[in-house]
There are 2 protein chains.
Amino acid sequence: MTISTQAPRRTRIQQEKRELILEAALEVFSTNGFRGSTIDQIAEAAGMSKPNLLYYFRRKEDIHETLMERLLETWLAPLRELDDIGDPMTELRSYIRRKLEMARDFPRESRLFANEILQGAPRIMPLLAGELKTLVDEKAAVIKGWMRAGKIARTDPWHLIFSIWATTQHYADFDVQVRAVLGPNRGGDGRFEDAARFLEQLFLDGLKPKG
Amino acid sequence: MTISTQAPRRTRIQQEKRELILEAALEVFSTNGFRGSTIDQIAEAAGMSKPNLLYYFRRKEDIHETLMERLLETWLAPLRELDDIGDPMTELRSYIRRKLEMARDFPRESRLFANEILQGAPRIMPLLAGELKTLVDEKAAVIKGWMRAGKIARTDPWHLIFSIWATTQHYADFDVQVRAVLGPNRGGDGRFEDAARFLEQLFLDGLKPKG
DNA sequence: CTAACGTTTGTCCAATCGGTCAAAATTTGC
DNA sequence: GCAAATTTTGACCGATTGGACAAACGTTAG
């Protein structure tokens, strides 16, 4: 369990402004990284002066920290839902779908996370080696059970999870590249449905031609 | 073809020092991004004073630009090698292997590229929509030919290429997370071989249990 | 040896950085 | 309506940023 941070009493304005700042900071941090972002940028994006922003968050790091705490919760939710009970192939398929939907609907969150990891995860390393590892190990065990039961092919469950993360988050983190390569036609709104179809087939059957 | 930049005459010292700077800059840029990196950091990593560094590269951007130009060449080399002539399944398998080897041997280059894309590719957008798109379209056509010939399963060649990029580069860009989740045992030097085995199976057969 | 050229350094600069502070403006509780 | 509490702002601070520059130092060719 994490340290129980008793949420301080907050006025209506404080709640609203803090949300405004976090929204603006998500935009700025996710595209420039922590070091590459400035308080002025965030303040301007939030439509307020720098000292005013600093009235709600004392330090730049506090904003980032709050953002990361919230992120990890929603970020791991899809994996948490992976259920031992359901049909294995269906469970995996809908996990992939949920992750892809997150890449589509919350690309900034994905990029914020990617930025943090790219920079060596200096601020969330303990969470990776702790909470995240625990959850992944747990789900890897579930997947292993499915393999032993002959429900899915035997392979490495950890790398399977990595490959799902990588392929889905790619559409958020590398979105600019994806759209540039697909061009205006194929790179439009339909690209996520194309991706969903492709990934489903890849994880189901691989590339071997149907014999 | 790109603009022919006639390489200026350079002394022995200039060549050596420029390489030294680029090596140091790769280290710094790849972990901090462009905006998050400072000339001082690079100068210190290169073991020289800031004014001395600026004698070899007039502006911070010049270093990054030189780095990115070199990067793209080596970065696309594996895809260029994808050969129409060879056996399709073998060709794809060795493409995946080459990409994974690059993630293992040149993780800083991978992260440098990822950083640039994450930030919206402000400095290499033209290359993505130009040279990169052309190459990918060309190879997608090759893959489509294999599909028509029944050599591999019918699917979207562009998203297939994306999935190979995503799964392999993940082991460079998200290395910190991979090692944190795998732990000290499974996360050691063997992780790339495990990944290679897993990816081969995934792209070959998918997850459906062998009937 | 020496003059020309290439290299390195210390010093300096304006702009920007994260952050402080007191005063002014606004909102809130009664 | 008014006093207390909260919110906002302008001015300011020291540190760091990217970069300029001239002087000092090395190297090299004749």
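The structure displayed is predicted, hence computed values, not measured ones.
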Open item on the list: Do B:I124 and B:I117 make a side-chain contact, defined as non-hydrogen atoms from C-beta onward lying under 4.5 Å apart?
Closed with: yes

Open item on the list: Please report the interatomic distance CD1(A:I152) to CG(A:L160), rounded to the nearest 0.5 Å.
Closed with: 6.5 Å

- [ ] Nearest 0.5 Å please: distance from the CD atom of A:E193 over to the CG atom of A:L100.
- [x] 9.5 Å

TODO: Answer yes if the side chains of A:D194 and B:W158 hold a donor-acceptor pair under 3.5 Å, and no otherwise.
DONE: no

- [ ] Give A:L54 one of three labels, base, sugar-phosphate or nothing, depending on what nucleic acid heavy atoms sit under 4.0 Å from its own.
- [x] base

Sub-3.5 Å pairs of nitrogen or oxygen atoms, protein against nucleotides 7-13 of chain D:
from	atom 1	to	atom 2	distance (Å)
D:dT7	OP1	A:T11	OG1	2.3
D:dT7	OP2	A:Q14	NE2	2.7
D:dT7	OP2	A:Y55	OH	2.7
D:dT8	OP1	A:K17	NZ	2.4
D:dT8	OP2	A:N52	OD1	3.2
D:dT8	OP2	A:Y56	OH	2.4
D:dT8	O5'	A:N52	ND2	3.3
D:dT9	OP2	A:S49	OG	3.3

Open item on the list: Distance under 4.0 Å to a non-hydrogen atom of chain B counts as contact; along DNA chain C, which nucleotides mark the start and end?
Closed with: C:dG6 to C:dC17

Task: Residues in side-chain contact (heavy atoms from CB on, under 4.5 Å) contact with B:E81, at least two apart in sequence or another chain - done: B:R98

Task: Donor-acceptor contact present, side-chain B:E109 to main-chain B:L71, <3.5 Å - done: no

Open item on the list: Taking the nucleotide of DNA chain C with the nearest heavy atom to each, does A:R58 or A:Q41 sit closer to the 5' end?
Closed with: A:Q41

Open item on the list: Short of 4.0 Å, heavy atom to strand atom, which residues of residues 24-38 of chain A count as contacting DNA chain C?
Closed with: A:S37, A:T38

TODO: Report the C-alpha distance between A:E91 and A:R97 in whole Å, list the side-chain angles of each, state the deciding distance to 0.1 Å, and finish with yes or no for salt bridge (Lys or Arg N to Asp or Glu O under 4.0 Å).
DONE: CA-CA 10 Å; A:E91 281 295 317; A:R97 189 168 27 77; over 6 Å; no

- [ ] Name the orientation class of the two ring planes belonging to A:H170 and B:F162 (parallel below 30°, tilted from 30 to 60°, perpendicular beyond 60°).
- [x] tilted

TODO: Give a yes or no on whether the ring-centroid distance for A:Y171 and B:H159 is below 6.0 angstrom.
DONE: yes

Which donor-acceptor pairs under 3.5 Å do side chains of residues 52-60 of chain B form with protein atoms, sequence neighbours excluded?
from	atom 1	to	atom 2	distance (Å)
B:R59	NH2	B:D62	OD1	3.1
B:K60	NZ	B:F34	O	3.0
B:K60	NZ	B:S37	O	2.7

Task: Inter-residue atom distance B:R191.CZ - A:D156.CG, 0.5 Å rounding - done: 13.5 Å

TODO: Any chance you could lay out the side-chain contact (heavy atoms from CB on, under 4.5 Å) test for A:L72 and A:E131, step after step, and finish with the verdict?
DONE: CA-CA 10 Å; A:L72 263 169; A:E131 205 175 344; 5.7 Å; no

Task: Integer-rounded Å distance: D:dA20 C1' and B:F57 CZ - done: 19 Å

Open item on the list: Using five pairs at each end of the helix from C:dC1-D:dG30 to C:dC30-D:dG1 to define an axis, what is the angle between those two axes, to 10°?
Closed with: 20°

Task: From CD (A:E27) to CG (A:L112), nearest 0.5 Å - done: 11.5 Å

